[in-house]
Amino acid sequence: MSNKNSLQQDNNSKYLSHLGWSSHFQTQLKRFDKNSFFPARVTGVRKRYFFINDGKKEILATPAGKLQQENSSTYPVVGDWVLVRQTAIEGILSRKNALTRGAAGLHSRKTGEYREQTIAANLDSVFIVTGLDRDFNLRRLERYLTLVYNCGLTPVIILTKGDLHQDPEHFVNEAESIAFGVPVHLVSAFNDSGLSELTPYLAHGRTSVMVGSSGTGKSTLINRLCGENVQATGEVSASVGKGTHTTTSRDLIMMPQGGMIIDNPGIREISFWDIDQGVESTFPEIEEFAAGCRFSDCTHAHEPGCRVLQAVQEGELTEARLENYLKMKRELEYISARKNKSADRVEKERWRDVSMNIKSINKKKSFE
C-alpha cells in the first residue's frame, strides 16, 4: 500500500469514531492492498443500493461484483463496515458480532434448505421492545432472549406504553422473573417517563438495535429519544389495541446523545439460526435443576428422579416456562441437524426417535 493511500485511510478513520470505529476494524485495513478505497459504515439497505457514511457525509453506494448476489453470506447489512471505491462497495470488514435468525417461513419449505438472515452487525446491545398492551408475552420474551444470547449479544428489555396501566411495575416484575440479570426498563413515549434510563446505551460510538413485534412503539420511542420525528409512526388500531406497522426498512439513526439505534421492522417469526448457549442463558434455573436429575440424559418429560419435574410439582418452576424451554431445545437440536443433513433424513430420524420413545413408555407401563 502506498504512503498516500495509508495516509488517506488514517485521515478517514479520524472521523469514524462517532460511528463506532475501533481498533478491531483499523487493524484489518493493514491487510488490504487496494487503490483509492475508504472505509464507511452501512447506515441503510435498500433493494439495489445502500446508504453509507464515511464519517463526514452520507453517500449512496452500490454493491460491486460478487456482493450483488443478495443471498451471499458476504452481502452487507446495516451496521457493517465496508470498503468503498468511489461509490462501489468492494468488500466487508470482519464483523465483531451480528444479530442473525433463520429466514422466515422456512419450516414449510420442502427443499430442506435452511438459510440465515442477518438483521444487523457490530452491535453493543439489543433492545427487546414490547408494549404493555396485548403484545406483552413472557414466552415470546424468552424466545427473544434465546435469539440474542445465541448470537453472543447483550439483551436489554424495554417495556413501552407504561402510561396505559395504573400499576405497570407488575409487568416489570414479571419480565425480571424470566430474564435473570437482564436490565428491564419501563418507559412511556407519551409522558417521557423512563427515557433518561436509556441514555447510557446511547453513549458516543455505541450501537443498539431494536427488535420486537410490529406496533410496540419502536419508531415512536426513537422519535422521543431524538427530540424530533425521524421515523414514521402509525395510529393505534382500535380493533386490536396496538400500534400499526410503519417501519419497512432497517436504518442506522444517529442519536443526539452520541450513539446510534438501528430501527427494525416488526418480527413476526422468531426463528433461530446461531446455536450457542442461548437456552442455557435464558433458563439458568432449569439448567441448575437438571444437574440434580437421576439420569444425565434426562428429558424432563417422564423419567423418575427428575429434579426439574419435581420443581414444577413444588411450585419452584412454572409448567409453561418448562414447556417453552423444552420446545426451544427441540427446535435448536432440529436446526443443528438440518444444517448438516437433508430434510428427509432429519424427518426420518425424528420420527424414529418418537416411535422409540412411545415404545419405551408403553414398555414401562406394562411392568407397572
Side-chain angles (χ1 to χ4, degrees), residues 99 101-102 125-126 128 130 136-159 169-185 211 269-339 346 349-365 367-368:
L99 179 63
R101 67 166 181 163
S125 55
V126 180
I128 301 173
T130 185
F136 186 80
N137 185 299
L138 293 179
R139 306 289 80 84
R140 187 189 300 121
L141 277 177
E142 288 169 348
R143 286 190 68 85
Y144 272 120
L145 288 169
T146 301
L147 176 73
V148 174
Y149 283 133
N150 273 340
C151 298
L153 295 168
T154 303
V156 177
I157 295 176
I158 299 179
L159 305 180
E169 290 295 332
H170 166 72
F171 294 95
V172 176
N173 294 335
E174 282 199 318
E176 289 178 341
S177 72
I178 58 95
F180 301 97
V182 177
V184 179
H185 299 286
V211 296
E269 183 178 342
I270 311 170
S271 299
F272 303 125
W273 173 261
D274 286 300
I275 303 171
D276 198 355
Q277 301 298 311
V279 172
E280 290 79 359
S281 298
T282 303
F283 302 89
E285 84 284 22
I286 297 182
E287 292 292 312
E288 185 175 345
F289 287 137
C293 290
R294 182 184 302 176
F295 304 108
S296 59
D297 59 347
C298 184
T299 63
H300 318 309
H302 53 75
E303 292 88 348
C306 176
R307 178 66 181 91
V308 176
L309 292 178
Q310 179 187 348
V312 174
Q313 294 172 356
E314 296 179 356
E316 300 173 277
L317 176 68
T318 66
E319 186 173 352
R321 183 162 168 82
L322 174 59
E323 288 178 356
N324 208 28
Y325 165 84
L326 294 175
K327 178 182 177 181
M328 284 190 275
K329 288 279 282 189
R330 291 192 298 268
E331 185 176 340
L332 289 170
E333 289 170 0
Y334 181 74
I335 291 170
S336 178
R338 192 171 180 178
K339 284 183 178 181
V346 171
E349 292 182 355
R350 185 166 72 91
W351 285 111
R352 180 197 65 193
D353 292 340
V354 170
S355 177
M356 291 179 65
N357 285 335
I358 292 174
K359 289 180 179 178
S360 177
I361 294 172
N362 290 335
K363 187 176 181 180
K364 288 181 179 179
K365 287 183 177 179
F367 286 102
E368 292 178 355

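What you are looking at is a predicted structure, and each value in this text was computed from that prediction instead of being measured. Residue numbers count from 1 along this sequence.
You'll find the side chain of V308 reaches within 4.5 Å of the side chain of C293, heavy atoms only. Here the side chains of F283 and T146 are in contact, with some heavy-atom distance below 4.5 Å. F180 has its side chain within reach of E285: a pair of non-hydrogen atoms, C-beta onward, lies under 4.5 Å apart. Between L309 and L322 there is a side-chain heavy-atom pair separated by less than 4.5 Å.
In terms of heavy-atom proximity, C306 sits nearest to C298 at SG-SG, 3.7 Å. For E303 against A301, the heavy-atom pair with the smallest separation is OE1-N, 3.3 Å. Taking both residues in full, the closest heavy atoms of E176 and V184 are given as CG-CG2, 3.7 Å, listed atom of the first, atom of the second, then distance.
Atom CZ of R321 and atom CG of L138 lie 9.0 Å apart (nearest 0.5 Å). Separation of atoms CD (E287) and OH (Y325) is listed at 3.5 Å; rounding is to 0.5 Å. A distance of 11.0 Å separates NZ of K327 from CD of E142, quoted to the nearest 0.5 Å. The distance from the CE atom of M328 to the CZ atom of F272 is 5.5 Å, given to the nearest 0.5 Å. Rounding to the nearest 0.5 Å gives a distance of 7.5 Å between CG of L141 and CG of L159. Distance check, rounded to the nearest 0.5 Å: CD1 of I128 to CZ of R143 gives 12.5 Å.
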L332 and N150: CA distance, side-chain angles, deciding distance, side chain to side chain contact (heavy atoms under 4.5 Å, CB included) verdict: CA-CA 10 Å; L332 289 170; N150 273 340; 3.8 Å; yes
Quick one: do Y149 and V182 satisfy side chain to side chain contact (heavy atoms under 4.5 Å, CB included)? Show the steps, please. CA-CA 11 Å; Y149 283 133; V182 177; 3.2 Å; yes
Could you walk me through whether E319 and Q313 pass side chain to side chain contact (heavy atoms under 4.5 Å, CB included), step by step? CA-CA 9 Å; E319 186 173 352; Q313 294 172 356; over 6 Å; no
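Summarising the local packing, CD of E316 is surrounded by more than 12 heavy atoms from other residues, nucleotides or ligands at distances under 6.0 Å.
The aromatic rings of F136 and F171 sit perpendicular, their planes meeting at an angle over 60°, well past the 30° parallel limit.
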